[in-house]
Every structure is written in structure tokens, then in C-alpha cells.
Amino acid sequence: MKIKLLTIAIFCILFSCEKREQKKDIKENVSNTKVSTNDPKLEELKTEASRLRAGGSIESVELIDRKATIAYVSNFTDYKEINPQSSLTESELKAYWESGDAIEKALVDGSVRIMRKLDFIDEVNIILPYEGETYKISVHKSELEKFIGADFKSITDNWDKTFSDPYVYNKKGREAFFKKFGVVK
């Protein structure tokens, strides 16, 4: 009789553990399914964003309809969180952003470059927090065309002449572009 009770008790314990494991497996499979439903356009945007100036400092990338939003890290600790393998120091990262108008160049160039590379995007917003200020730029394709005085195809076909040289590498042009589309808070 004691052996029968002991056998039944062991069997019940084993059976209940197996059910818990099955429930755990089912929950993990459901959550993995949710994670794996990535939008290919968002993945393409993430790839292009990583190619922008200081792309390794990009914390988040979002795509809603035809609007892209790209946010850079707000400090070195956040940078190291997403790039733990990086040998970049805090002073090197700071020196990069303080050199040669790097912030404005990154925002001006990056906003239009994303639209140039990805035809499914009509608006780009980039947010770059640095040293207690937040630099933002918001460029819509139609507003860009009005500002430059050329259609988007002409801008992309003559990239250096119509955009890069006059608005990224020319200080006055870059400042005018940022004044029109950017803000510092």
C-alpha cells in the first residue's frame, strides 16, 4: 500500500512538472513569434541609419507610414550600453561631436540622405541630445524641394552639386538649412 501511494505521488509530481514546462515553452514560442514579425522596411531603415555619421551612436529608429524618426544616444553611458565592445572613450565621443560642426552636418546630411537611399520615406526626423541641449531636424521631401528649388529626382541625380556641397559642406548653406528645418532646445 505504501509503495502504491509513493508511486502515485511521484507520478503526480512528474506529471505536474511536465505541464509547467509545456506552458513555459508555449509562452516562449508566442513571445518569439511577436518579436520575429519585423517590418522589412524598418529593417532597411535601421541599416541605412547605421551608415549615417556616428551611426553607432543611434539609439532608436522608428518608421510610421512614410515618416522616419532616428534618435541618437543622450550620453556616453547609453552609447556603451548599445556598444559594449567599443573601445571609444567618452572624451573621444565628445571630441567627435565638437569638431567641425559635426552635429549640424550629421543632422542636415542624415535627414536628406535617408530619403535619398529609401524611396518609401517622405519625412525624416533626427534627434541628437548633446551636453544638455537637444538638436532636432525635421525634413519633409516637399519642403526640401521648395527650399532647394528642384524636384527630388534632380537633387538625387546631382547630389554633390545640388545638396551635399552647398548644404552639408558649405557653412553658410548648412546654417541656412538648419535654420529652416532644425531647432535646438
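Being a predicted model, the structure only gives us computed values, none of them experimental. We're numbering straight along the sequence, starting at 1.
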Q: What distance separates Ser86 OG from Phe76 CZ, expressed to the nearest 0.5 Å?
A: 6.5 Å
Q: Are the side chains of Lys185 and Tyr135 in contact, using a 4.5 Å heavy-atom criterion?
A: no
Q: Do Leu93 and Ser57 have side-chain heavy atoms sitting under 4.5 Å apart?
A: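 They are in side-chain contact.
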Q: Are the side chains of Asn125 and Lys136 in touch, meaning some heavy atoms are under 4.5 Å apart?
A: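 Side-chain contact under 4.5 Å: no.
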Q: Would you check if Ile121 and Leu45 make a side-chain contact, meaning some heavy-atom pair closer than 4.5 Å?
A: yes
Q: Give the C-alpha distance, both sets of side-chain angles, the deciding distance and a yes or no for side-chain hydrogen bond (donor to acceptor under 3.5 Å, both in side chains) between Ser164 and Tyr169.
A: CA-CA 6 Å; Ser164 192; Tyr169 297 109; 4.7 Å; no
Q: List in chain and number order the residues that pass side chain to side chain donor-acceptor pair (under 3.5 Å) with Thr162, two or more places apart in sequence or in another chain; answer none if no residue qualifies.
A: none
Q: Going from CE on Met115 to OG1 on Thr156, what distance comes out if it is rounded to the nearest 0.5 angstrom?
A: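 One gets 11.0 Å once the value is rounded to the nearest 0.5 Å.
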Q: Contact between Tyr72 and Ile127 at the side-chain level, heavy atoms closer than 4.5 Å - yes or no?
A: no
Q: If you look only at distance, which donor and acceptor atoms sit under 3.5 Å apart when one is on a side chain in residues 62-71 and the other is two or more places apart or in another chain?
A:
from	atom 1	to	atom 2	distance (Å)
Arg66	NE	Asp122	OD2	2.6
Arg66	NH2	Asp119	O	3.1
Arg66	NH2	Asp122	OD1	3.4

Q: Quick check for you: to the nearest 0.5 Å, what is the distance between Ser87 atom OG and Glu92 atom CD?
A: 7.0 Å
Q: Please check: side-chain N/O of Asn83 versus main-chain N/O of Gln85, any donor-acceptor pairing under 3.5 Å?
A: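 Judged by distance alone, no pair lies under 3.5 Å.
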Q: Nearest 0.5 Å, what's the NZ-OG distance between Lys141 and Ser111?
A: 12.5 Å
Q: Please find the pair of heavy atoms, one from Gly110 and one from Leu52, that lie closest to each other, and give the distance.
A: CA-CD2, 3.7 Å
Q: Output all residues satisfying side-chain contact (heavy atoms from CB on, under 4.5 Å) with Glu131, sequence neighbours left out; order by chain, then residue number.
A: Lys94
Q: Take Glu123 and Val139 through the side chain to side chain contact (heavy atoms under 4.5 Å, CB included) test and state the conclusion after the steps.
A: CA-CA 6 Å; Glu123 181 179 354; Val139 182; over 6 Å; no
Q: Got a sec, which residues hit salt bridge (charged side-chain N to carboxylate O under 4.0 Å, His left out) with Glu43, two or more places apart in sequence or on another chain?
A: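 Once residues adjacent in sequence are excluded, the partners of Glu43 under the salt bridge (charged side-chain N to carboxylate O under 4.0 Å, His left out) criterion are Lys46.
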Q: Does the side chain of Val112 come within less than 4.5 Å of Ile114's, by heavy atoms?
A: no
Q: Tell me every residue that passes side-chain contact (heavy atoms from CB on, under 4.5 Å) with Ile82, counting only those two or more places apart in sequence or in another chain.
A: Val73
Q: Which residue pairs pass the salt bridge (Lys or Arg N to Asp or Glu O under 4.0 Å) test with at least one member in residues 69-87, sequence neighbours excluded?
A: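 As it turns out, there is no salt bridge (Lys or Arg N to Asp or Glu O under 4.0 Å) pair with a partner in residues 69-87 once direct neighbours are skipped.
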Q: Where do Lys105 and Val168 come nearest, in terms of heavy atoms and distance?
A: CG-O, 3.8 Å
Q: Between Glu59 and Tyr79, do the side chains contain an N or O donor and an N or O acceptor separated by less than 3.5 Å?
A: no
Q: Would you mind listing every salt bridge (Lys or Arg N to Asp or Glu O under 4.0 Å) that reaches into residues 153-167, with sequence neighbours excluded?
A: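 Residue pairs with at least one partner in residues 153-167: Lys153-Asp157.
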Q: Hey, could you give me the CZ/CG distance between Phe163 and Asn158, rounded to the nearest 0.5 Å?
A: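 Reported value, rounded in 0.5 Å steps: 13.5 Å.
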Q: Holding to side-chain contact (heavy atoms from CB on, under 4.5 Å), I want the full list of residues that pass it with Thr47, two or more places apart in sequence or in another chain.
A: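 Partners of Thr47 by the side-chain contact (heavy atoms from CB on, under 4.5 Å) criterion, ordered by chain and then number, come out as Arg51.
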Q: If you look only at pairs with a residue in residues 174-184, which of them pass as a side chain to side chain donor-acceptor pair (under 3.5 Å), with sequence neighbours excluded?
A: Asp101-Arg174
Q: So do Leu128 and Trp97 actually touch side chain to side chain, heavy atoms under 4.5 Å?
A: yes
Q: Going by the salt bridge (Lys or Arg N to Asp or Glu O under 4.0 Å) test, which pairs reach into residues 109-118, not counting sequence neighbours?
A: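 Output for this query lists Arg53-Asp109, Asp109-Arg113.
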Q: Could you list the residues that satisfy ring pair (Phe, Tyr, Trp, His ring centres under 6.0 Å) with Phe147, not counting sequence neighbours?
A: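 Partners of Phe147 under the ring pair (Phe, Tyr, Trp, His ring centres under 6.0 Å) test: Tyr167, Phe177, Phe181.
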Q: Partners of Ala150 by side-chain contact (heavy atoms from CB on, under 4.5 Å), sequence neighbours excluded?
A: Ile148, Ser154, Ile155
